[in-house]
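Everything numeric here is computed off the predicted structure, so don't read it as measured data. First the proteins, then the strands, lettered A, B, ... as listed; each starts at 1.
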Amino acid sequence: MPARAKLRIATFNVNGIGTRLGHLLAWLEREQPDIVALQELKADDAAFPAADIEAAGYGASWIGQRSWNGVAILGRGVEPVESRRGLPGDPGDTQSRYLEAAVHGVLVGALYLPNGNPQPGPKFDYKLAWMARLARHAASLVDLPHPVALIGDYNVIPTDADVYDPKAWRKDALFQPEVREAFARLLEQGWTDGLREAHGPSTIYTFWDYFRQHAERDRGLRIDHLLLNRAAAKGLHRAGVDRWVRLQQKASDHAPTWVEIARPRSPR
DNA sequence: ATGGCAGGAAAATCCTGA
């Protein structure tokens with residue numbers, strides 16, 4: 001298949017790479033994204049299915065962790081060139097939640113931001129501290145002259161328009177005022193919320209929980225985000241969510257979420 | 001206010017997720 005004119009960048013929380021490998025490979029085959037960030041591998045480094053992903057035509061970098069977390073970056077037809085493993089700012093943080101690599105001319109920061117429930121509590125404190133570290137690191141990337149994308153499962157519901165029932169989520173860590181404000185401040189650095197910008201104001205979700213047929217009834221949340229610096233946002237073309245993946249049997253509770261941008265002039 | 005569902009590791013129940 002020839003490369004499409006635009007570069008498609010996607011993020012997908014697979015909720016277990018072992019269980020979801022079939023879904024992932026079917027999605028890669030059908031949608032042919034150029035760059036992919038994966039979250040919640042829930043597998044250690046040795047369990048990452050690198051051979052299957054290579055056979056599908058993708059190079060990969062990953063940071064695994066047994067049982068929880070774990071992130072990866074895939075490049076269609078290329079090996080990602082890693083620039084960073086882990087988010088700076090806390091050497092004692094052992095959770096596998098951040099990986100950065102250059103792929104197809106884009107610097108990609110792939111992240112799995114902490115959930116933070118229950119709040120208040122130590123997990124919520126960790127979430128806020130992690131967001132502060134992310135903001136500091138993001139500030140060092142936003143003004144780079146080449147395209148940068150900070151993509152992943154942010155575990156942040158940015159606005160009331162990004163949740164099917166704001167009242168039902170009022171006490172959740174994903175929807176706390178300080179979390180939403182931290183996300184808004186991140187955008188104010190100069191990042192563009194790619195999905196919202198290209199899709200427009202109409203409702204669009206990236207996650208639907210497993211309860212009460214929420215996926216089928218489209219009662220979801222928008223918590224997977226693709227933040228683009230100015231060099232990347234300038235070429236923003238369109239964006240979407242591959243909801244068909246979520247509607248399959250035994251699906252992840254997230255759907256792949258993507259943007260298309262202009263291809264950088266001098267890739268690789 | 002609660003619990004509804006799901007994955008992983010361990011072991012037939014727990015922790016975590018969102």
Length of the line joining [X]:[atom1] and [N]:[atom2], which is rounded to integer Å:
X      : N      : atom1 : atom2 : result
A/W169 : B/dA18 : CH2   : C1'   : 5 Å
A/L21  : B/dG8  : CG    : P     : 12 Å
A/Y210 : B/dG4  : OH    : C1'   : 14 Å
A/K171 : B/dA18 : NZ    : C1'   : 17 Å
A/D153 : B/dG17 : CG    : C1'   : 10 Å
A/K127 : B/dG17 : NZ    : P     : 10 Å
A/D224 : B/dG17 : CG    : C1'   : 13 Å
A/L221 : B/dC5  : CG    : P     : 18 Å

Is there a side-chain contact between [X] and the phosphate of [N], meaning an N or O under 4.0 Å from OP1 or OP2?
X      : N      : value
A/K42  : B/dA6  : no
A/T19  : B/dG8  : yes
A/N15  : B/dC5  : no
A/Y112 : B/dA18 : yes
A/R20  : B/dG7  : yes

Contact class for A/N115 (heavy atom, under 4.0 Å): base, sugar-phosphate, or nothing?
base
Under 4.0 Å between any heavy atoms, over every strand shown, what does A/N13 touch: base, sugar-phosphate, or nothing? Just pick one.
sugar-phosphate
Tell me, do A/Y205 and A/D162 make a side-chain contact under 4.5 Å, heavy atoms counted?
no
Contact check, side chains of A/N15 and A/Y210, non-hydrogen atoms, under 4.5 Å
yes
From the list [options], which nucleotide is the closest neighbour of the side chain of [X]?
X      : options              : answer
A/F211 : B/dG7, B/dT16, B/dG4 : B/dG4
A/R212 : B/dG17, B/dC5, B/dG3 : B/dG3
A/L174 : B/dG7, B/dA18, B/dA9 : B/dA18

Is [X] salt-bridged to [Y], cutoff N-O under 4.0 Å?
X      : Y     : answer
A/E31  : A/R8  : yes
A/D153 : A/R97 : no
A/R133 : A/D93 : yes

Students often mix this up, so state it plainly: with edges at 30° and 60°, are the rings of A/Y164 and A/H214 parallel, tilted or perpendicular?
tilted
Check this for me: does the side-chain of A/N155 come within 3.5 Å of the base of B/dA18 through a donor and an acceptor?
no
For [N] and [M], measure between their [atom1] atoms and round to the nearest Å.
N      : M      : atom1 : value
B/dA18 : B/dA12 : P     : 27 Å
B/dT2  : B/dT13 : P     : 24 Å
B/dC15 : B/dA1  : P     : 24 Å
B/dC14 : B/dG3  : P     : 14 Å

Which residue lies toward the 5' end of DNA chain B, A/R66 or A/E40, if each is placed at its nearest nucleotide?
A/R66
The answer to which of A/I17 and A/G116 contacts DNA chain B further toward the 5' end, by nearest nucleotide, is A/I17
